[in-house]
Amino acid sequence: MNMSSTDITEQLTNTIEELSTEQSMKGIFHEHRDGDPLPSGRDLEEIIELSRSVIFPGYYGNSNVKQSTVRYHIGVNMERLHKLLTRQIMAGLLFNQDCHCSHSFEEQELCRKNAEIIALTVLNRYPNIRRMLSSDVEAAFEGDPAAINEGEVICCYPVIKALTNYRIAHELYREEVPLIPRMMTELAHSETGIDIHPAATIGKHFTIDHGTGVVIGATCIIGDNVKLYQGVTLGAKSFPLDENGKPIKGIPRHPIIGNNVIIYANSTILGRIHIGDNCIVGANVWVTRDMKSGTKKYRTAKPDKLDIFFEQGGGI
């Protein structure tokens, strides 16, 4: 079909007009204000790389770092981190405000100072984040006979990459920074296939074997010494609705997992239920009710091919 340049121009003009109407953009258009920084995926990737090099020196960033120079390298990276993090926190704070009003210089400066304080607060927690991640490295190493040493775990295991993003994002979430924490965990999701909401609470010595397809919801609480396998979902069973039929936000709807729990591959645990300490959930199990401490739940196949669920133990 031959079209003249006039016909092409006319069709493109009509499409542009349709795409530019206010009605067609309702709910999906963010009007940027001049002078406001924009949330940047590229800057967040640099923040993650710098953070990994600070938390795991010698494994990320400058591989030539030595004990005699580590303080210098960490210092340089922390200064850069504070600058980048301040700008991204400011971008998140401004992005979340009413798009139809402009920000004066004074308002932007107040927001920048607030972002600077939040960035410093989060960076001051990096020693504790390192302690938590060190325990996660230990859990991954101890839980996998194939792991040669901790260095292999740090360099290669997707769980450590995902948890680094999550533990930093969680601290930003605690400081009520909008958007940026979720962008951080989504970067890890894209990189590793592990989807952890930054609002979730995860204890120490946590690991995920393999990791692909794991989902941990926003209101999930996980204790210490917990191990998940690939494909595990800690999700919501249902969503209470308001008078307009819309899901009610901010209510606890994900599982609470106790200490010393193992959840095997492709199991699904839904709703605000409690999985007690020392429980074991077998592979491909669907759990929607509480499990008492010490309980084991798994499935097996009888000769007639029907799946049978077994639940054993169950102390108080």
Arg167 and Asn128: side chain donor to acceptor below 3.5 Å: no

For [X] against [Y], the heavy-atom pair lying closest together:
| X | Y | answer |
| --- | --- | --- |
| Gly282 | Val285 | O-CG2, 3.4 Å |
| Ile273 | Arg289 | CD1-O, 3.6 Å |
| Gln88 | Ser40 | OE1-N, 2.8 Å |
| Ala188 | Ala162 | CB-CA, 3.9 Å |
| Met3 | Asp7 | CE-CB, 3.9 Å |

Is a donor on one side and an acceptor on the other found under 3.5 Å between the side chain of [X] and the backbone of [Y]?
| X | Y | value |
| --- | --- | --- |
| Arg130 | Phe56 | no |
| His274 | Gly276 | no |
| Asn260 | Asp277 | no |
| Asn124 | Leu120 | yes |
| Glu152 | Ile148 | yes |
| Asn278 | Ser293 | no |
| Thr233 | Gly235 | no |
| Thr15 | Gln11 | yes |
| Ser267 | Ile263 | no |

Result of checking Leu163, Thr164, Thr207 against Asp136 for side chain to side chain contact (heavy atoms under 4.5 Å, CB included): Leu163

Short N-O contact, Glu109 and Arg112, less than 4.0 angstrom: yes

Residues Glu79, Lys83: salt bridge by 4.0 Å N-O rule: no

Tell me, please, which residues at least two apart from [X] pass side-chain contact (heavy atoms from CB on, under 4.5 Å).
| X | answer |
| --- | --- |
| Leu123 | Met78, Leu81, His82, Leu85, Tyr126 |
| His205 | Ser135, Glu138, Ala139, Glu142, Asn225 |
| Thr121 | Ile117, Arg125, Glu175 |

Step-by-step side-chain contact (heavy atoms from CB on, under 4.5 Å) determination, Glu49 to Tyr60: CA-CA 7 Å; Glu49 278 302 308; Tyr60 294 93; 4.3 Å; yes

Expected list for residues 153-160: side-chain donor-acceptor pairs under 3.5 angstrom, two or more places apart:
unit_1: Tyr157; atom_1: OH; unit_2: Asp144; atom_2: OD2; d: 2.7

Residue pairs, two or more places apart or on separate chains, that pass side-chain hydrogen bond (donor to acceptor under 3.5 Å, both in side chains) and touch residues 244-259: Thr219-His254

Pairs satisfying side-chain hydrogen bond (donor to acceptor under 3.5 Å, both in side chains), at least one member in residues 68-78, at least two apart: Ser53-Asn77

Hey, are the side chains of [X] and [Y] touching, using non-hydrogen atoms and a 4.5 Å cut-off?
| X | Y | answer |
| --- | --- | --- |
| Ile216 | Asp195 | no |
| Pro255 | Arg272 | no |
| Asp224 | Val226 | no |
| Lys297 | Ile280 | no |
| Leu234 | Val215 | no |
| Met183 | Leu187 | no |
| Ile208 | Ile194 | yes |
| Leu94 | Cys111 | yes |

Heavy-atom neighbours of Glu176 CD exceed 12 at 6.0 Å: no

Full working for side-chain contact (heavy atoms from CB on, under 4.5 Å) between Ile180 and Ile89: CA-CA 7 Å; Ile180 303 305; Ile89 291 170; 5.5 Å; no

Considering residues at least two apart in sequence or located in another chain, which fulfil the side chain to side chain donor-acceptor pair (under 3.5 Å) criterion with [X]?
| X | result |
| --- | --- |
| Lys227 | Tyr229 |
| Thr21 | Ser24 |
| Arg174 | Glu171 |

Within residues 169-191 or reaching into it, pairs that qualify as ring-ring contact (aromatic ring centres under 6.0 Å, His included) - sequence neighbours excluded: Tyr166-His170

Pairs flagged by salt bridge (charged side-chain N to carboxylate O under 4.0 Å, His left out) wherever residues 39-48 is involved - sequence neighbours left out: Glu46-Arg80

Starting at [atom1] of [X], measure out to [atom2] of [Y] and round the result to the nearest 0.5 Å.
| X | Y | atom1 | atom2 | value |
| --- | --- | --- | --- | --- |
| Ile47 | Leu172 | CD1 | CG | 8.5 Å |
| Met90 | Leu110 | CE | CG | 9.5 Å |
| His197 | Thr185 | NE2 | OG1 | 7.0 Å |
| Glu10 | Ser5 | CD | OG | 11.5 Å |
| Arg87 | Leu38 | CZ | CG | 8.5 Å |
| Ile55 | Met132 | CD1 | CE | 12.0 Å |

If Ile, Leu, Val, Met, Phe, Trp and Tyr residues are connected whenever their side-chain heavy atoms lie under 4.5 Å apart, and connections chain through other members, are [X] and [Y] in the same group?
| X | Y | value |
| --- | --- | --- |
| Ile48 | Leu84 | yes |
| Leu270 | Tyr264 | no |
| Phe206 | Ile221 | no |
| Val232 | Ile262 | no |

Linked hydrophobic residues, Ile251 as query - side chain contacts closer than 4.5 Å: Ile248

Test log, rule side-chain contact (heavy atoms from CB on, under 4.5 Å), inputs Ile196 and Ile202: CA-CA 10 Å; Ile196 307 176; Ile202 301 177; 3.9 Å; yes

Working for side-chain contact (heavy atoms from CB on, under 4.5 Å), residues Ile275 and Ile256: CA-CA 6 Å; Ile275 306 300; Ile256 298 174; over 6 Å; no

